[in-house]
Amino acid sequence: MIKIDLKGKVVIITGAASGIGHSTAEVFIQAGATVVGLDIHAPSQPLKGAQFLEVNVANSANVGKCINDIIATQGHIDCLVNNAGISKDAPVWKMTESMWDDVIDVNLKGAFNCIHHVASHFRERQLGKIVNVASINGMRGKFGLANYAASKAGIIGLTKAVATELARYHVNVNAVAPGLIATPLVMSMTPEALAKSKSEILLGEPGQPEDVAHTIVFLCSDLAKHITGEIIKIDGGQYI
Ligand SMILES: NC(=O)c1ccc[n+]([C@@H]2O[C@H](COP(=O)([O-])OP(=O)(O)OC[C@H]3O[C@@H](n4cnc5c(N)ncnc54)[C@H](O)[C@@H]3O)[C@@H](O)[C@H]2O)c1
């Protein structure tokens with residue numbers, strides 16, 4: 001029987017208060033890991049066994065302090081999941097500078113900030129797993145999503161670059177690229193946009209947060225020890 005056992009592993013998950021991040025925290029806890037969620041909000045539903053720290057991932061100094069505090073209290077960090085993300089959609093001619101900046105700051109710079117502050121720790125320990133949450137819309141683009149698609153395309157480039165830098169320290173760096181997943185983020189879509197997205201999914205239904213969570217936990221396990229620099233779509237065939 002194959003079992004993922006992450007007892008003794010300390011995992012940081014950004015955006016763990018809701019949706020995919022919350023579900024990922026639950027699955028890591030089921031696998032025996034110690035979970036620290038970083039989020040600007042308190043969790044949508046209580047998460048037994050997880051600790052939460054309030055932080056805006058876009059603020060590098062605060063992220064650095066948080067990561068140092070976690071190393072001091074937990075002793076070490078084994079896995080980092082960069083999941084926090086927002087969307088502020090508009091066609092490019094209506095997209096304001098602040099809509100652009102906000103999405104890039106959280107989705108792309110937020111992931112960079114966390115990787116930057118944890119990288120020396122991983123190098124010293126000669127181990128670590130990083131999983132970034134991209135999107136199929138960072139691969140194909142989509143109407144109204146110039147900022148979001150650029151941030152997620154950036155995540156893909158960031159993943160591949162950092163994979164080349166950290167491989168010599170035995171750190172695996174990968175990304176998942178979900179399609180439409182039933183979370184609060186997609187509830188802000190217009191009914192027309194939601195129906196169009198659903199119609200693209202070959203397997204017929206939007207994914208569930210745990211579909212993404214299971215792949216993230218797999219990528220943080222020894223089962224995936226020979227995978228790095230990879231982007232795994234989890235989209236029911238929405239974009240092939
Ligand atoms: N739901 C989908 O269909 C879908 C598809 C592709 C990719 N994604 C990506 O998956 C990730 C999670 O999305 P979700 O659907 O679970 O959304 P969600 O809104 O349910 O959860 C996002 C979490 O990020 C947190 N967050 C937002 N800004 C933050 C900040 N500045 N600092 C710290 N935390 C912050 C929020 O508080 C929230 O808990 C995002 O990166 C999103 O882009 C989602």
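Order of listing sets the numbers, starting from 1, for every ligand and every atom in it.
At least one heavy atom of Lys152 sits less than 4.0 Å from an atom of ligand 1. Using a 4.0 Å heavy-atom cutoff, Pro184 is listed among the residues neighbouring ligand 1.
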Dump the intermediate steps for side-chain contact (heavy atoms from CB on, under 4.5 Å) on Lys198 and Leu180, then the final yes or no.
-> CA-CA 7 Å; Lys198 278 186 183 168; Leu180 187 70; 3.7 Å; yes
Start with the C-alpha distance between Val55 and Ile40, add both sets of side-chain angles, then the distance that settles side-chain contact (heavy atoms from CB on, under 4.5 Å), and finish with yes or no.
-> CA-CA 5 Å; Val55 67; Ile40 39 166; over 6 Å; no
Carefully, step by step, assess Arg140 and Glu200 under the rule salt bridge (charged side-chain N to carboxylate O under 4.0 Å, His left out).
-> CA-CA 13 Å; Arg140 65 176 188 176; Glu200 297 169 342; 3.2 Å; yes
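Near Asn83, meaning under 4.0 Å from any of its heavy atoms, are these atoms of ligand 1: 10 (O), 11 (C), 12 (C), 40 (C), 41 (O). Close contacts of ligand 1 with Ala134, meaning ligand atoms under 4.0 Å from a residue heavy atom, involve 7 (C). Per-residue contacts place Leu180 under 4.0 angstrom from the following atoms of ligand 1 (heavy atoms of the residue considered): 3 (O). Interface of Val55 with ligand 1, defined as ligand atoms under 4.0 Å from a residue heavy atom, comprises 32 (N), 33 (C). Counting the atoms of ligand 1 from 1 in the order shown, those under 4.0 Å from a heavy atom of Tyr148 are 6 (C), 7 (C), 8 (N), 9 (C), 42 (C), 43 (O). Shown in contact with Asn56 at under 4.0 Å from a heavy atom are these atoms of ligand 1, numbered in order with element: 30 (C), 31 (N), 32 (N). For ligand 1, the atoms sitting less than 4.0 Å from at least one non-hydrogen atom of Gly19 are 16 (O), 20 (O), numbered in the order shown with element in parentheses. Atoms of ligand 1 lying under 4.0 Å from at least one heavy atom of His41, given by number and element, are 37 (O).
For Lys7 and Asp5, the salt-bridge test passes: some basic side-chain N is under 4.0 Å from an acidic carboxylate O. We find that Asp78 and Arg125 are joined by a salt bridge, their nearest charged nitrogen and carboxylate oxygen being less than 4.0 Å apart. Ion pair Lys196/Glu192 not flagged as a salt bridge, since none of the NZ, NE, NH1 or NH2 atoms sits closer than 4.0 Å to an Asp/Glu carboxylate oxygen. Salt-bridge check for Lys48 with Glu26: failed, with every basic side-chain N at 4.0 Å or more from each acidic carboxylate O.
What sits closest to atom 35 (C) of ligand 1 on the protein, heavy atoms only, is Ile40 CG1, 3.5 Å. Counting only heavy atoms of the protein, atom 24 (O) of ligand 1 lies nearest to Gly15 CA, 3.4 Å. Nearest non-hydrogen protein atom to atom 4 (C) of ligand 1 is Gly179 O, 3.9 Å. At the top of the distance list for atom 10 (O) of ligand 1, counting protein heavy atoms only, stands Val133 CG1, 3.3 Å. The protein heavy atom nearest to atom 36 (C) of ligand 1 is Asp39 OD1, 3.4 Å. Closest protein heavy atom to atom 22 (C) of ligand 1: Gly85 O, 3.8 Å. Atom 32 (N) of ligand 1 has Val57 N, 3.0 Å as its closest protein atom, hydrogens excluded (heavy atom only). At the top of the distance list for atom 14 (P) of ligand 1, counting protein heavy atoms only, stands Thr183 OG1, 3.5 Å.
The shortest N or O to N or O distance between Ser135 and ligand 1 is not under 3.5 Å. Among the atoms of Ile86, none of the N or O lies under 3.5 angstrom from an N or O of ligand 1. Remark: ligand 1 and Ile20 share an N or O pair separated by less than 3.5 Å (distance only, no angle test). Polar contact with ligand 1: absent for Gly21 (N/O pair, distance under 3.5 Å). When only interatomic distances are considered, the shortest N/O to N/O separation between Asn107 and ligand 1 does not fall below 3.5 Å.
More than 12 heavy atoms of other residues, nucleotides or ligands lie within 6.0 Å of CD in Gln126, so this atom counts as buried by the packing criterion.
Remark: the Lys142 side chain and the Asn137 side chain contain no N/O donor-acceptor pair separated by less than 3.5 Å. For Thr24 and His214, the side-chain atoms include no donor-acceptor pair closer than 3.5 Å. Looking only at atom types and distance, the side chain of Asn107 has a donor-acceptor partner in the side chain of Ser151 under 3.5 Å away. No side-chain N or O of Lys88 forms a donor-acceptor pair with one of Ser98 less than 3.5 Å apart. Residues Asn132 and Thr159 have side chains that bring a donor and an acceptor to within less than 3.5 angstrom of each other.
To the nearest 0.5 Å, atoms CG (Leu38) and CD (Gln51) are separated by 9.0 Å.
When heavy-atom distances to ligand 1 are checked against a 4.0 Å cut-off, Asn137 has no atom that comes that close, whether in backbone or side chain.
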